[in-house]
Amino acid sequence: MSTHPLEVTAKAMVAPGRGILAADESTGTIEKRFASVKVESTEENRRAYRDLLFSAKGLGQHISGVILYDETIRQKSADGTPFVELLARNGILPGIKVDTGAKDLAFCPGEKVTEGLDNLAKRCAEYVRMGAKFAKWRAVITIGADMPSSTCVADNAHALGRYAAICQAAGLVPIVEPEVLMDGEHTIERCEEVTEWTLNAVYEALYLNRVTLERSVLKPSMVIAGKSCPQQATVEEVAERTVRVLKRTVPAAVAGVVFLSGGQSDEVATVHLNAMNRMHAGKLPWPLSFSYGRALQQPSLKAWKGAAANVAAAQAALLHRARMNSLACLGRYSPDLERQALAA
Ligand code: 13P
């Protein structure tokens with residue numbers, strides 16, 4: 001039985017001790033991130049920032065793939081090397097965000113549906129020609145009074161199914177990302193219930209759309225109490241509930257699971273991933289890894305502040321978080337390692 005190239009890519013994305021760097025912030029989102037460190041969001045600043053991330057020496061040891069944004073996949077390193085080539089040289093697979101954002105869902109106030117299916121096959125073909133190996137589409141589910149609605153869950157699942165099929169037909173591994181937002185006062189029980197509902201709907205839609213699960217990767221949120229819920233769960237409870245939901249809903253054929261950080265602090269995101277891997281080592285059908293945006297980049301962005309003189313410190317900060325999360329994939333992380341690195 002020959003192994004399909006997309007299956008090889010999907011496996012490589014979740015190889016032991018490796019995970020994904022989400023650097024696909026849209027122009028609007030990166031503007032907010034830059035504003036937090038008082039950096040103006042010009043095209044050159046965005047290029048320079050991504051350049052420092054992608055050229056960090058040794059990043060490929062812990063990072064299997066980077067998700068790019070449409071502007072970024074067309075940009076080059078300071079020495080003229082296209083980013084796609086720079087990443088490939090570091091042993092990192094280039095990926096691309098192909099959705100065009102979460103938009104208001106008609107007749108469902110407060111809820112969103114992700115757009116981007118129009119011309120998707122054509123856009124995917126161009127990205128493949130540019131060297132992209134995988135894609136990402138993020139659906140957003142909000143928890144609140146009477147939310148999510150069945151409309152929101154069904155529409156987002158349908159879009160994820162259509163997206164995943166179009167990607168596979170074009171030669172890209174789809175990262176399927178249904179994010180249940182942390183915003184709100186909801187309990188961890190409610191988050192678990194909504195996550196189970198959403199993932200069930202998503203895998204039904206993937207089946208209906210003839211997606212080959214071995215050639216796909218899931219990017220879920222962790223099961224966590226709402227940010228404003230007075231009752232916050234322990235690390236063990238988050239790990240137990242998250243793994244329980246995945247076992248109930250995610251077919252064993254899926255190549256791997258890479259979590260988003262979703263607004264958890266960088267260390268908390270690492271601690272949770274580590275707990276899941278320590279508690280369930282060798283007992284799950286899929287590797288559990290990371291595809292963090294903020295939780296990988298935050299310390300780096302703070303160290304950089306837009307100054308060329310800070311590039312080395314910013315790269316060191318990124319490499320440190322990448323290494324910590326790599327250890328968490330293997331269940332070998334400990335908070336002491338953070339202090340040791342600070343002391344070094
Ligand atoms: P966060 O880890 O910051 O949630 O970002 C991951 C991502 O790619 C969201 O789509």
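Side-chain atoms are counted along with the backbone in the values below, which use heavy atoms only and exclude waters and symmetry mates. Count residues from 1 along the sequence. In listed order, ligands and their atoms are each counted from 1.
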Gap between atom CG of N325 and atom NE2 of H62 - 0.5 Å precision: 10.0 Å
Shortest non-hydrogen contact between Q315 and S55, atoms and distance: NE2-OG, 3.4 Å
R294 and ligand 1 - part of the residue with a heavy-atom distance under 4.0 Å: both
Backbone of R138 reached by a side-chain donor or acceptor of T114 within 3.5 Å: yes
G262 touching ligand 1 at heavy-atom level, < 4.0 angstrom: yes
Enumerated ligand 1 atoms positioned under 4.0 Å from heavy atoms of S261: 1 (P), 2 (O), 3 (O), 4 (O)
Salt bridge (charged side-chain N to carboxylate O under 4.0 Å, His left out), paired with R241, selected from E193, E189, E236: E189
Heavy atom of S291, distance to ligand 1 below 4.0 Å: yes
For atom 10 (O) of ligand 1, the option (of K136, E179, K219) bearing the nearest heavy atom: K136
Closest approach of any protein heavy atom to atom 9 (C) of ligand 1, naming residue and atom: E177 OE2, 3.2 Å
Heavy-atom pair of closest approach, residues N45 and W304: O-CH2, 3.7 Å
Identity and separation of the nearest protein heavy atom to atom 5 (O) of ligand 1: G293 N, 3.5 Å
Contact summary for A132 and I96, nearest pair of heavy atoms: CB-CG2, 3.9 Å
Contact atoms of ligand 1, heavy-atom distance to Y292 under 4.0 Å: 2 (O)
